[in-house]
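Each remark here refers to the structure printed beneath this line.
In this text the structure is predicted, and so the values were computed from the model without any measurement.
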Amino acid sequence: MKTEFDLIARYFTHQQSSTFLENQGVILGPGDDCALLDWDEAHYLAVSTDTFIEDVHFPAQTSAYDIGFKALAVNLSDLAAMGAQPLWFTLALTLPSANESWLQAFSAGLFDMASRFNTALIGGDTTRGLLSITVTVMGRVAKKHALCRHTAKLGDGIYVSGDLGEAHLGLLHQQKKIQLAQEDQAPVLDRLNKPVPLIELGCSLLGRAHAAIDLSDGLAGDLRHICNASGVGAEIDCAALPISDRISRYLSREAALRAALIGGDDYELCFTAPAEFEPTVKECRVTKIGRIVAGNKIRWLGFDADNLQAYDHFCFSS
Ligand code: ADP
Ligand code: MG
């Protein structure tokens with residue numbers, strides 16, 4: 001099986017020598033939530049790009065406002081995962097037609113998200129074709145403490161913020177695979193369409209957490225990135241996974257766990273921190289779910305986790 005990550009590793013990683021990258025001020029290249037570039041004495045510039053495509057990243061019926069809001073939010077989430085403070089973004093927009101009411105709503109969503117996190121649009125590109133939105137975000141993070149995927153340590157606790165799986169529940173509703181009760185529709189669909197990047201949490205973890213990632217593809221795949229990058233394994237206590245009561249009302253325990261592990265689109269943070277880590281009062285929605293261990297396996301205690309395959313754009317047999 002080849003995955004998008006095999007393709008990136010084969011064709012786009014390590015193509016340029018480490019000396020060249022160092023001379024260019026590249027501290028961290030492809031492989032983490034953001035690249036880190038040398039900036040000033042105390043800070044790195046963190047940069048990340050994500051593309052957002054109709055029927056791949058959002059269902060066709062998603063409102064233009066939500067598309068604009070989420071396209072920037074998911075990018076800012078990568079800054080949150082490094083503990084970076086957002087500064088600027090660019091927007092490359094491909095549109096099937098110049099539909100002004102659509103553009104008005106899209107830009108309203110985009111700029112609502114931008115002003116919430118004090119980030120300025122500084123350029124982009126506008127072309128005609130199938131709807132596709134590419135955002136590049138840039139932010140600043142303290143050199144000493146940037147949170148990376150390769151910095152988990154043996155004995156660290158593993159933590160997640162918020163709860164997992166509700167965005168997937170929203171997707172199941174949109175796909176008409178389940179029917180949410182009227183009172184659950186708005187909060188659950190907001191989890192899918194209006195994720196809020198956890199910038200404040202990411203920044204508050206600087207100097208306290210060792211490694212971090214944002215949960216875009218589901219905990220199973222995203223924790224695997226931390227383990228691979230850090231050369232460690234993990235043990236997860238599945239009974240400790242934060243899954244809302246609401247999910248349990250609609251899905252069996254097995255299906256709820258699968259939504260939490262491979263559903264994706266949660267945009268919570270998963271991080272590792274020394275055993276003495278204590279969430280602050282503001283971080284009360286942080287849950288300890290396991291620990292970093294030696295080896296390279298992830299053990300899902302209390303769940304038969306065979307075939308836990310995260311979403312992948314190019315998963316195919318070679
Ligand atoms: P995330 O889910 O955090 O946005 P991705 O899964 O999109 O991260 O990408 C994983 C890593 O691979 C990132 O560091 C990203 O910059 C890098 N990457 C993805 N595609 C390419 C590419 N075509 N060329 C270089 N690096 C890439
Ligand atoms: Mg990410």
Seminar exercise, completed: salt bridge (charged side-chain N to carboxylate O under 4.0 Å, His left out) filter on R246, not counting sequence neighbours, yields E166, D184

Problem set entry | Any L131 side-chain heavy atom under 4.5 Å of I53 side chain | no

For this session: Find the distance between CZ (F106) and CG (L91) and round it off to the nearest 0.5 Å.
Result: 5.0 Å

Exercise. Shortest non-hydrogen contact from D222 to S216?
Worked result: OD2-N, 3.0 Å

For this session: Please round to the nearest 0.5 Å and tell me the distance separating atom OG1 of T13 and atom CD of Q15.
Result: 7.5 Å

For this session: Measure across A81 and D214 and return the closest heavy-atom pair with its distance rounded to 0.1 Å.
Result: CB-N, 3.5 Å

Problem set entry | All side-chain contact (heavy atoms from CB on, under 4.5 Å) counterparts of S97, not counting sequence neighbours | N99

Exercise. So, S161 side chain and L269 main chain: donor-acceptor pair closer than 3.5 Å or not?
Worked result: yes

Seminar exercise, completed: Note: W300 and A220 closest approach over all heavy atoms is CZ2-CA, 3.7 Å

Exercise. D55 side chain to A60 main-chain N or O, any donor-acceptor pair under 3.5 Å?
Worked result: yes

Exercise. If we ignore angles and hydrogens, is there a donor and acceptor under 3.5 Å between the side chains of D40 and H43?
Worked result: yes

Exercise. What distance separates Q85 CD from R140 CZ, expressed to the nearest 0.5 Å?
Worked result: 7.5 Å

Exercise. Which heavy-atom pair separates A212 from R149 by the least distance, and what is that distance?
Worked result: O-CG, 3.8 Å

For this session: Could you list all the ring-ring contact (aromatic ring centres under 6.0 Å, His included) pairs where at least one residue sits in residues 136-191, not counting sequence neighbours?
Result: Y159-F271, Y159-F277

Problem set entry | Pairwise distance CD1(I27) to OH(Y44) - rounded to 0.5 angstrom | 4.5 Å

For this session: Of all the heavy-atom pairs spanning F303 and E254, show the shortest one and how long it is.
Result: CE1-OE1, 3.8 Å

Problem set entry | Counterpart residues, side-chain contact (heavy atoms from CB on, under 4.5 Å), relative to N118 (two or more places apart) | none

Problem set entry | Basic-acidic side-chain contact under 4.0 Å: D156, R291 | no

Problem set entry | Partner set under salt bridge (charged side-chain N to carboxylate O under 4.0 Å, His left out) for R285, not counting sequence neighbours | D163

For this session: With L172 as reference, evaluate K176, Q175, Q174 under the side-chain contact (heavy atoms from CB on, under 4.5 Å) test and give the passing residue.
Result: Q175

Exercise. So do the side chains of Y267 and S77 get within less than 4.5 Å of each other, counting heavy atoms only?
Worked result: yes

Problem set entry | Residues forming a salt bridge (charged side-chain N to carboxylate O under 4.0 Å, His left out) with R253, sequence neighbours excluded | none

Exercise. Quick one: are S48 and D33 in side-chain contact, heavy atoms under 4.5 Å?
Worked result: no

Exercise. Hey, is the main chain of G129 close enough, under 3.5 Å, to the side chain of T94 for a donor-acceptor pair?
Worked result: no

Exercise. For K297, which residues count as a side-chain contact (heavy atoms from CB on, under 4.5 Å) partner, sequence neighbours excluded?
Worked result: none

Exercise. Is S230 reaching over with its side chain to a backbone N or O of V232, donor-acceptor style, under 3.5 angstrom?
Worked result: no

Exercise. How would you list, by chain and number, every residue that makes a ring pair (Phe, Tyr, Trp, His ring centres under 6.0 Å) with F52, sequence neighbours excluded?
Worked result: H57, F58

Exercise. Within a strict 4.5 Å, meaning less than it, do heavy atoms of the V196 and L198 side chains meet?
Worked result: no

For this session: Go through the structure and list residues passing side chain to side chain donor-acceptor pair (under 3.5 Å) with S107, not counting sequence neighbours.
Result: none

Problem set entry | Hydrophobic cluster (4.5 angstrom, side-chain heavy atoms) - remaining members for L192 | L171

Exercise. So, D38 and K143, do they make that salt bridge, N to O below 4.0 Å?
Worked result: yes

Problem set entry | Heavy-atom side-chain proximity of L28 to M82 below 4.5 angstrom | yes

Exercise. For D265, which residues count as a salt bridge (charged side-chain N to carboxylate O under 4.0 Å, His left out) partner, sequence neighbours excluded?
Worked result: K70

Exercise. Donor-acceptor pair, Q185 side chain versus L180 backbone, under 3.5 Å?
Worked result: yes

Problem set entry | Co-membership, hydrophobic cluster, residues I199 and W88, 4.5 Å side-chain | no

Problem set entry | Between NZ on residue K288 and CD1 on residue I236, distance to nearest 0.5 Å | 10.5 Å

Problem set entry | T3 backbone acceptor or donor facing D6 side chain under 3.5 Å | yes

Seminar exercise, completed: What one should report as the nearest heavy-atom pair of R208 and T280 is NH2-CG2, 3.6 Å

For this session: Check the side chains of Y65 and D112 for a donor-acceptor pair under 3.5 angstrom, ignoring hydrogens and angles.
Result: yes

Problem set entry | Joint hydrophobic cluster, V160 plus L205, side-chain heavy atoms closer than 4.5 Å | no

Exercise. Would you say L215 and L164 make side-chain contact, with heavy atoms under 4.5 Å?
Worked result: yes

Exercise. If we only count heavy atoms from C-beta on, is the L95 to L103 side-chain gap below 4.5 Å?
Worked result: yes

Exercise. Do I158 and I292 have side-chain heavy atoms sitting under 4.5 Å apart?
Worked result: yes

Exercise. Can you find a side-chain donor-acceptor pair between T49 and T136 that sits under 3.5 Å?
Worked result: yes

For this session: Find the distance between CG (L219) and CG (L241) and round it off to the nearest 0.5 Å.
Result: 6.5 Å

Problem set entry | Residues that L37 engages under side-chain contact (heavy atoms from CB on, under 4.5 Å), provided they are two or more places apart | V26, L45, V47

